[in-house]
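Below, all heavy atoms of this structure are taken into account, side chains as well, without hydrogens, waters or symmetry copies.
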Amino acid sequence: MHKKFDHKGFEKKWQEQWQKDNLYKAGDRDKSKSKEYVLVELPYPSGNLHIGHWYAFAVPDIYVRYRRMNGVQVVYPMGFDAFGLPAENAAIKRNLNPREWTEGNIEYMKGQLASMGNAFSWDKTASTIDPNYYKWTQWMFTQFFENNIAYRGKGIVNWCPGCNTVIANEQVLSDGTCERCSNEIEKREMPQWMLRITNYADRLVDDLDDLNWPEHIKDSQRNWIGRSKGAEISFKLSTGDDITVFTTRPDTLFGATYVVLAPEHKLITDNKEKISNWSEVEAYIKTTAKKDEQDRLNDTKEKTGVKLEGVTAINPANNEEIPVYIADYVLASYGTGAIMAVPAHDERDFAFAEKFEINIITVVRAKGESSASNEKNEKSILFTDSGELINSGEFDGMDSEEAKVAITEKVGGKLTNTYRLRDWSVGRQRYWGVPIPIVYDPEGKPHIVPKEHLPWTLPEDVDFRPTGEAPLAKSAELKKRTEEIFGKGWTPEVETMDTFVDSSWYFLRYLDNANDEVFTSLDVQKDWMPIDIYFGGAEHTTMHLLYSRFWQKALFDLGLVNVQEPYQRRINRGLILGPDGNKMSKSKGNVIDPDEQVARVGSDTVKMYLAFMGPYGEVSNYPWDMGGIAGLHRFLERVNGLSEHISETEPKEITKLLHKTIKKVSEDIPEFKFNTAISALMVFVNSVEKQSLTKESYDAFLRLLAPFAPHLTEELWALAGNSGSVHTAEFPAYDKTLSKDETVTIGVQINGKLRGDITLSPEATKDEALDAVITKPRFAPYLTAKPAKVIYVPGRILNLIVND
RNA sequence: GCCGGAGUGGCGGAAUCGGUAGACGCGUGCGACUCAAAAUCGCAUCUCGCAAGGGGUGAGGGUUCAAGUCCCUCCUCCGGCACCA
């Protein structure tokens with residue numbers, strides 16, 4: 001029966017009570033319990049909690065509460081990632097200081113978070129704009145600088161004209177736009193603060209193997225890092241230089257009929273006197289320099305290039321003299337910026353060789369072929385698979401894979417890997433970020449700001465509106481501060497750090513946030529790290545998740561952290577769409593405001609609705625459905641009326657169903673299948689409504705439901721006369737015997753066709769099952785002869801094969 | 001092009017050591033209550049068929065007593081990478 005309840009009458013009351021009782025404080029590590037560190041991605045204080053935050057924080061809360069009720073000491077912290085462009089832009093729009101704006105938002109959002117009624121460990125929190133936080137961000141940076149992990153590099157960077165700053169490779173989307181503002185990214189050459197994430201490429205790939213992460217996330221990271229196994233091989237040039245190329249196919253070296261350099265390659269300008277067609281070459285270099293990435297991609301069908309007249313190379317395998325070209329299909333930023341071209345076995349080289357009429361030599365053929373496949377048919381001349389070698393002197397007949405090693409050895413090459421990953425560009429020409437703690441001496445040499453001067457505070461006396469120049473350059477205070485501490489002629493670094501730096505280590509600070517000596521003591525880390533489960537969004541796969549893994553490894557190498565991998569398990573959630581099936585956006589007018597929903601139907605309903613939509617941890621999109629949320633509200637109203645069915649005794653059926661429900665819920669929660677757990681709870685309620693249950697069963701049910709509907713269950717728990725909080729009660733355990741069915745109904749197939757069912761004990765024998773069929777007239781018409789074969793799977797199926 | 005993942009009612013989704021496909025919820029239809037409406041309750045709801053029965057999990061093959069689940073060939077959608085040597 002439906003019994004309406006007034007969520008406003010008790011949700012706030014219990015939230016305040018829980019806070020007063022410090023119910024969810026994680027406290028110090030209690031070694032008598034096992035620990036679990038459950039992390040959710042800390043929010044950006046945009047000023048308003050949206051439905052995505054609810055999905056991100058309220059649903060994992062079910063898991064956290066469940067584990068606590070099972071006696072696990074769970075730390076479930078929350079904080080704010082408060083530096084960064086959106087806050088800065090929003091503040092500029094409102095003509096506010098970003099600090100005022102952000103801090104105001106944090107306060108407001110804390111109130112909104114409270115309305116969720118989550119079991120957050122508020123004693124473990126951090127905010128990245130807190131000077132006591134960013135002090136350590138800066139200190140880590142200085143450690144990285146001193147250990148050559150952070151460096152001032154020169155190179156081509158991604159400039160976002162919308163954000164007025166440089167951004168990292170990871171922050172450029174595959175269509176060449178900015179992940180924040182969707183503006184088209186420009187390439188610029190300028191000095192940049194970089195972190196040597198590339199030095200960690202192998203570990204970042206290899207250590208993925210042991211992580212309990214969804215395979216598609218690991219694959220995305222592997223793709224992003226883009227490790228290729230191959231070899232570096234040197235070719236002698238007629239200029240006297242050696243040119244090193246990278247190839248994944250050293251087995252095809254005998255088929256290398258020319259060499260190609262990227263137009264930006266240093267050896268070209270170094271040898272301009274020796275290049276007889278220099279003006280032509282120079283013109284080509286200029287043309288390609290003008291093309292942006294996008295043009296270069298669009299031009300892939302038509303290969304272009306210029307031969308370096310007067311320069312030749314020697315193929316080290318057969319000492320043949322071969323021509324040298326420059327072409328923009330070879331990228332300066334990948335490998336060595338030079339390739340050996342094997343037109344018979346590489347599509348791009350093939351296209352180029354055909355256009356420039358260069359020699360094509362087949363050196364690999366499919367195994368077992370008597371002739372090279374390409375000799376049979378002109379059109380199939382290209383063969384990119386591996387196979388066995390031909391036209392390769394002493395290596396003829398050798399398998400491609402073996403030949404890779406053998407040929408590399410013979411020519412004195414080196415087996416090596418190369419990567420797609422580039423170093424992480426972390427300097428930003430914006431105001432609202434952590435100042436890079438570097439100062440320059442009068443010669444312009446960079447030095448770290450020593451620990452006693454940290455935090456190296458963000459100056460206040462600047463016009464922070466973005467112009468493309470770093471706003472900190474305009475701070476008289478920063479300039480003065482630098483000269484006072486370091487001496488006349490010293491100047492401060494004026495760039496701030498990428499926000500992704502701040503969020504690369506926040507989970508460590510949560511644990512020991514009052515520590516003034518170190519960012520987090522090793523003892524505390526040993527208590528809690530690694531993070532057992534990290535819930536988050538798919539957008540972080542090759543950004544935050546990659547950066548923070550690198551950061552942790554870099555700290556590990558400096559002896560500052562206890563584990564190499566921060567996150568043991570990763571769960572990516574899906575996306576909540578608007579009721580129209582589109583991504584929620586103000587312009588589409590399809591935004592669901594969680595505050596409105598909570599006011600209307602209550603926090604418990606919103607939480608359960610989100611948990612019921614589909615399995616958590618599968619990246620799919622769920623449209624918000626007003627009818628759907630009403631269904632969950634109805635369910636909780638029925639729960640509210642359930643106490644009317646309490647009686648002295650209950651049918652055996654209800655006892656058994658309760659234990660089956662406990663079993664199902666306890667199995668589903670750890671797998672984040674909250675949807676099917678809720679479904680089981682609904683089945684139980686549907687059944688009880690027609691019958692009765694004891695007070696004992698009622699209490700057990702409340703505890704079962706407590707992680708999903710913390711407020712209502714707490715209210716009903718108290719109304720039922722129980723003492724203490726339902727959330728500190730033990731989660732019910734199921735009785736194995738009671739959770740099993742005494743009889744099962746199984747399908748009966750005759751010749752593989754379903755003809756009906758029989759009900760019998762799960763342990764019934766084949767003969768008993770056959771008897772049940774024979775005595776049921778329903779089956780008689782089909783049993784025209786004695787079954788030739790009987791397949792019986794107890795509790796599952798009975799299949800009779802009747803030959804007629 | 002390469003690497004992953006996914007295709008099940010009108011909708012969200014259940015069911016995969018191969019064993020009664022469509023749990024649970026939404027929506028819809030009919031009925032009850034009501035002067036009426038809302039709320040609530042009951043029944044129905046994959047599809048064709050009065051029924052008996054037939055068909056059905058993106059398409060087509062295959063293995064099996066039995067296939068949403070395994071194998072092969074395709075198609076579509078989603079995510080990552082992409083002139084990456």
Separation of [N] [atom2] from [X] [atom1] (nearest whole Å):
| X | N | atom1 | atom2 | value |
| --- | --- | --- | --- | --- |
| I576(A) | C11(B) | CD1 | P | 19 Å |
| E618(A) | U16(B) | CD | C1' | 13 Å |
| M608(A) | C24(B) | CE | P | 16 Å |
| I629(A) | C24(B) | CD1 | P | 21 Å |
| I746(A) | G18(B) | CD1 | P | 18 Å |
| D175(A) | G79(B) | CG | P | 12 Å |

Counting side-chain heavy atoms from C-beta on, which of [options] comes nearest to [X]?
| X | options | result |
| --- | --- | --- |
| Y622(A) | C3(B), U20(B), G12(B) | G12(B) |
| D346(A) | G19(B), A23(B), A85(B) | A85(B) |
| F612(A) | G25(B), C81(B), G19(B) | G25(B) |
| N799(A) | C81(B), C84(B), G19(B) | G19(B) |
| V793(A) | G19(B), C26(B), C24(B) | G19(B) |
| M613(A) | G13(B), G12(B), G19(B) | G12(B) |
| R348(A) | G13(B), G19(B), C84(B) | C84(B) |
| D219(A) | C3(B), C81(B), G19(B) | C3(B) |
| N223(A) | C81(B), G19(B), G12(B) | C81(B) |
| M682(A) | U20(B), C24(B), C65(B) | C24(B) |

My understanding is that a pair needs two contacts under 3.5 Å, Watson-Crick or G-U wobble. By that rule, which nucleotide pairs with [N]?
| N | result |
| --- | --- |
| A14(B) | none |
| U20(B) | none |
| G1(B) | C81(B) |
| U57(B) | none |
| A6(B) | U76(B) |
| G49(B) | none |
| U28(B) | A44(B) |
| C70(B) | G62(B) |

Can you tell me how far [atom1] in [N] sits from the matching atom in [M], rounded to whole Å?
| N | M | atom1 | result |
| --- | --- | --- | --- |
| G61(B) | G68(B) | P | 15 Å |
| U16(B) | C3(B) | C1' | 24 Å |
| C48(B) | G9(B) | C1' | 15 Å |
| A59(B) | U76(B) | P | 15 Å |
| G7(B) | U69(B) | P | 11 Å |
| G22(B) | U45(B) | P | 12 Å |
| G10(B) | C46(B) | C1' | 11 Å |
| C50(B) | C41(B) | P | 33 Å |

Under-4.0 Å side-chain N/O to phosphate OP1/OP2 contact, [X] with [N]:
| X | N | answer |
| --- | --- | --- |
| Y419(A) | C84(B) | no |
| Y782(A) | G53(B) | yes |
| S228(A) | A85(B) | yes |
| N675(A) | C24(B) | no |
| K753(A) | G55(B) | yes |
| N686(A) | G25(B) | yes |

Any idea how Y567(A) and H544(A) line up, ring-wise: parallel (<30°), tilted (30 to 60°), or perpendicular (>60°)?
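Tilted: the ring planes of Y567(A) and H544(A) meet at 30° to 60°.
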In terms of relative ring orientation, are Y329(A) and F352(A) parallel, tilted or perpendicular, with 30° and 60° separating the classes?
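Because their plane-to-plane angle lies in the 30° to 60° range, the rings of Y329(A) and F352(A) count as tilted.
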Using the purine O4'-C1'-N9-C4 or pyrimidine O4'-C1'-N1-C2 torsion, is G25(B) syn (within 90° of 0) or anti?
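Base orientation: anti.
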For R600(A), does the CZ atom sit with more than 12 other heavy atoms under 6.0 Å from it, leaving out its own atoms?
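Above 12, so yes.
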Work out which heavy atom in [X] is nearest to a heavy atom in [Y]; give both atom names and the distance.
| X | Y | result |
| --- | --- | --- |
| H633(A) | V601(A) | CD2-O, 3.4 Å |
| N590(A) | N582(A) | ND2-O, 3.4 Å |
| H345(A) | I361(A) | NE2-O, 4.3 Å |

Is it true that a side-chain atom of K660(A) and a backbone atom of F684(A) form a donor plus acceptor pair closer than 3.5 Å?
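Pair absent, no side-chain N/O of K660(A) close to backbone of F684(A).
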Would you say the ring centers of F672(A) and F535(A) fall short of 6.0 Å from each other?
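Yes, they do, as the ring centres are separated by less than 6.0 Å.
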S220(A) or R755(A), whichever maps to the more 5' nucleotide of RNA chain B
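By nearest-heavy-atom nucleotide position, the 5'-most residue is R755(A).
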Applying a 4.0 Å non-hydrogen cut-off, can you work out what R634(A) is touching in the nucleic acid: base, sugar-phosphate, or nothing?
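Since only primed, P, OP1 and OP2 atoms lie under 4.0 Å of R634(A), the category is sugar-phosphate.
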